[in-house]
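Below is one structure; the comments refer to it alone.
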Amino acid sequence: MKRTTYCGIPAAVSTPVVLVGWVHRRRDHGGLIFIDLRDREGIVQIVFDPKTSATLHEQAHALRPEYVIEIQGTVALRPVDTENPALATGTIEIRATNLTILNPALTPPFLPTDEMEPDESLRLKYRYLDLRRPLMQKRFVKRHQMMMEIRRFLDTRGFIEVETPYLTRSTPEGARDFLVPSRLNCGAFYALPQSPQLFKQTLMISGFDRYYQIVRCFRDEDLRADRQPEFTQVDIEMSFVEPSEIMHLMEEMISLCLQQVSSSQNRQPFPVLTYQEAMRRFGSDKPDLRFGMELHDISDIAAVCTFNVFRQACQTKGGRVKGIAIPGFGLSSRKEIDTLVQEAIDLGAKGLAWMKVTGDGVDSPIAKFFEPGQIRTVKQRLAALPNDLLIFVADSETVTHQVLGALRLKLARRLNLLDPAIYKPLWVTDFPLLEYDAAASRYVAVHHPFTAPMDEDLPLLSSDPLAVRSKAYDMVLNGTEIGGGSIRIHQHNLQAKILGLLGMSEEEARAQFGFLLTALQYGAPPHGGIAQ
RNA sequence: GGGGCCGUAGUUCAGCUGGUUAGAACGCCGGCCUGUCACGCCGGAAGUCGCGAGUUCGAGUCUCGUCGGCCCCGCCA
């Protein structure tokens, strides 16, 4: 057995070839038998002609899907008008001269074609059949190519790949750890790392200057369609850097990756939104920029209209009235709008006010509470067009953003505005350093406890901790956070102070993070990084 | 921790307000077929309707329980 080429890679016409692979499909004409032979590189058509060899043709009758076979034959141009443009090898075929069945196969529970996708549990039970599908093989290859690009790119930029331990110590904060029982210390457990955060900071303190790792992370949390308990991330840390240096580096790296999956060139640099602006305009800290439907504040008008719900919301401290214009949705039936109102209530709103935009004005149960001029201003501010539906939420700023942000996404999905072929990356910066956890009655870190506060906000740490912004940045792509990082705290005193704000006593801090606190006192360089 | 949807042939699914023998497509088996390529044509086999109980003259269909799957909220520094 000496394979001369892959099925998917056409060989020169009239050369003898030896091919091995899986029977993808058979087309038995009684006379001629065609076999599509598949390997990881693609598919090629094999022809068994009774005129070439009656016994060989007889043998080929036995072939069934997923048999593993070896074919000896000759590459030939297909007869005129029998070329198959859908196939990369569609201009040629292999005239078989010899057939060896290397291994027959049972009738598989599903055929490894891309046309139909069986239930996921069945795909996993017969994972090897699932992974034979050309689509799955393409994905694996794509992933491999991305990893190669990333390694090559980071190497040229002077990064050193370092491995860090998997059997490690549990850290408080963050996700639940996976635990591994220890045989040597009976009753004690290792924790699998949620991320190599402390290790990479240690490497910076050691002077490695630029580290990266393509590393597995483990988080024992509930799953989602796009969330697995173990996943791989590109982990990066650099010394003596500003956020902008890390962000530009990542833009280059991600652009290289996007080139692998999309033909369109991404313009660098990526747009940057502050957290505040992202929330204000999109009601989300990971906005999907593939479509508009931005949030607009009409609190000033709402405060002086005669609609009590709006006025009261504006009179409440921190209250807001905001709205979005949904293109074409003004033609919806009353029932469809009622459904939308219920969805808003399920998302936490007290209700949902709406206006159908007509040619000259609006059609709305709340129109009577507004002066014509006020309605004109509202329409103008939401950039409303005829047949749009305007929806409004009146509540605290938090609830308003949350509800409208979620509705914006739901409606975009319903209106088919989420084109999977378009990639809209951006940065979100200026996150708050801390948020208040009412249940635990203490502050918790928004990013993680090692994130550095912005220098100009340092005085606020004592007076108004929730107002402190951090040197953190998230990369967002099409509404998904695909990377996040920060400049870290490299000063012992500041780190101790933050741990204190998080409700940790000095003893606790020493017990949990003593190693880091000590290390910061032995010449820790300023550093920061990201995990994608 | 909470919520929604789904379990019917090997697979993907249909099956109406409960009603006679539970269907389709693909796949599988047999036959025919020398230029097909998701080949075509003819014929055939294939089902504990996830499981258990209940309501009913009668349950794939309704109710309760249970098991399994998918999705969402919480959670995921």
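Because the structure is a prediction, the values reported are computed rather than measured. Order of the sequence lines sets the chain letters (A, B, ...), proteins ahead of strands, with each chain counted from 1.
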Whole Å only: how far is the [atom1] atom of [X] from the [atom2] atom of [N]?
{"X": "L409(A)", "N": "rC72(B)", "atom1": "CG", "atom2": "C1'", "value": "14 Å"}
{"X": "F34(A)", "N": "rC33(B)", "atom1": "CZ", "atom2": "P", "value": "16 Å"}
{"X": "F218(A)", "N": "rC75(B)", "atom1": "CZ", "atom2": "C1'", "value": "20 Å"}
{"X": "R26(A)", "N": "rG35(B)", "atom1": "CZ", "atom2": "P", "value": "18 Å"}
{"X": "E221(A)", "N": "rC75(B)", "atom1": "CD", "atom2": "C1'", "value": "5 Å"}
{"X": "L223(A)", "N": "rC73(B)", "atom1": "CG", "atom2": "P", "value": "13 Å"}
{"X": "E435(A)", "N": "rC76(B)", "atom1": "CD", "atom2": "C1'", "value": "13 Å"}
{"X": "R95(A)", "N": "rU36(B)", "atom1": "CZ", "atom2": "P", "value": "14 Å"}

Legend entry - Flag, side chain of N478(A) to backbone of K424(A), donor-acceptor distance under 3.5 Å: yes
Inset, instruction - Given side chain to side chain contact (heavy atoms under 4.5 Å, CB included), test Y166(A) with V180(A) step by step and report yes or no. - result: CA-CA 10 Å; Y166(A) 278 165; V180(A) 181; over 6 Å; no
Let's test your reading of the model: under 3.5 Å, does the base of [N] pair with the side chain of [X] as donor and acceptor?
{"X": "D222(A)", "N": "rG74(B)", "value": "yes"}
{"X": "R224(A)", "N": "rC70(B)", "value": "no"}
{"X": "R64(A)", "N": "rG27(B)", "value": "no"}
{"X": "E117(A)", "N": "rU12(B)", "value": "no"}
{"X": "R123(A)", "N": "rU11(B)", "value": "no"}
{"X": "R25(A)", "N": "rC37(B)", "value": "no"}
{"X": "E93(A)", "N": "rG35(B)", "value": "yes"}

Legend entry - H29(A) over rC39(B), stacked by centroid distance under 5.5 Å, angle under 30°: yes
Inset, instruction - Measure the distance between the ring centre of F110(A) and the centre of the six-membered base ring of rU11(B), then answer whether it is under 5.5 Å with planes under 30°. - result: no
Contact summary for [X] and [Y], nearest pair of heavy atoms:
{"X": "A445(A)", "Y": "L502(A)", "value": "N-CD2, 3.5 Å"}
{"X": "L499(A)", "Y": "A509(A)", "value": "CD1-CB, 3.9 Å"}
{"X": "A96(A)", "Y": "L56(A)", "value": "O-CD2, 3.4 Å"}

Which of these nucleotides, [options], is closest to any side-chain atom of [X]?
{"X": "P50(A)", "options": "rC70(B), rU36(B), rU34(B)", "result": "rU34(B)"}
{"X": "N84(A)", "options": "rC71(B), rC28(B), rA38(B)", "result": "rA38(B)"}
{"X": "L111(A)", "options": "rC76(B), rC71(B), rG27(B)", "result": "rG27(B)"}
{"X": "D49(A)", "options": "rU34(B), rC76(B), rU11(B)", "result": "rU34(B)"}
{"X": "D28(A)", "options": "rC33(B), rC75(B), rC28(B)", "result": "rC33(B)"}
{"X": "D36(A)", "options": "rC37(B), rG27(B), rC71(B)", "result": "rC37(B)"}

Inset, instruction - State, without any angle test, whether K51(A) and H57(A) hold a side-chain donor-acceptor pair at a distance under 3.5 Å. - result: no
Who is the Watson-Crick or G-U wobble partner of [N], with both distances under 3.5 Å?
{"N": "rU34(B)", "value": "none"}
{"N": "rC70(B)", "value": "rG4(B)"}
{"N": "rC26(B)", "value": "rG10(B)"}

Inset, instruction - For S121(A) and for G31(A), locate the closest nucleotide of RNA chain B by heavy-atom distance; then report the residue assigned to the nucleotide nearer the 5' terminus. - result: G31(A)
Inset, instruction - Taking atom C1' in both rU12(B) and rG69(B), compute the distance separating them and give it to the nearest angstrom. - result: 16 Å
Legend entry - Side-chain N,O (R27(A)) to OP1/OP2 (rC39(B)) below 4.0 Å: yes
Inset, instruction - May I have the step-by-step check of side chain to side chain contact (heavy atoms under 4.5 Å, CB included) for T451(A) and I498(A), ending in yes or no? - result: CA-CA 9 Å; T451(A) 302; I498(A) 298 286; over 6 Å; no
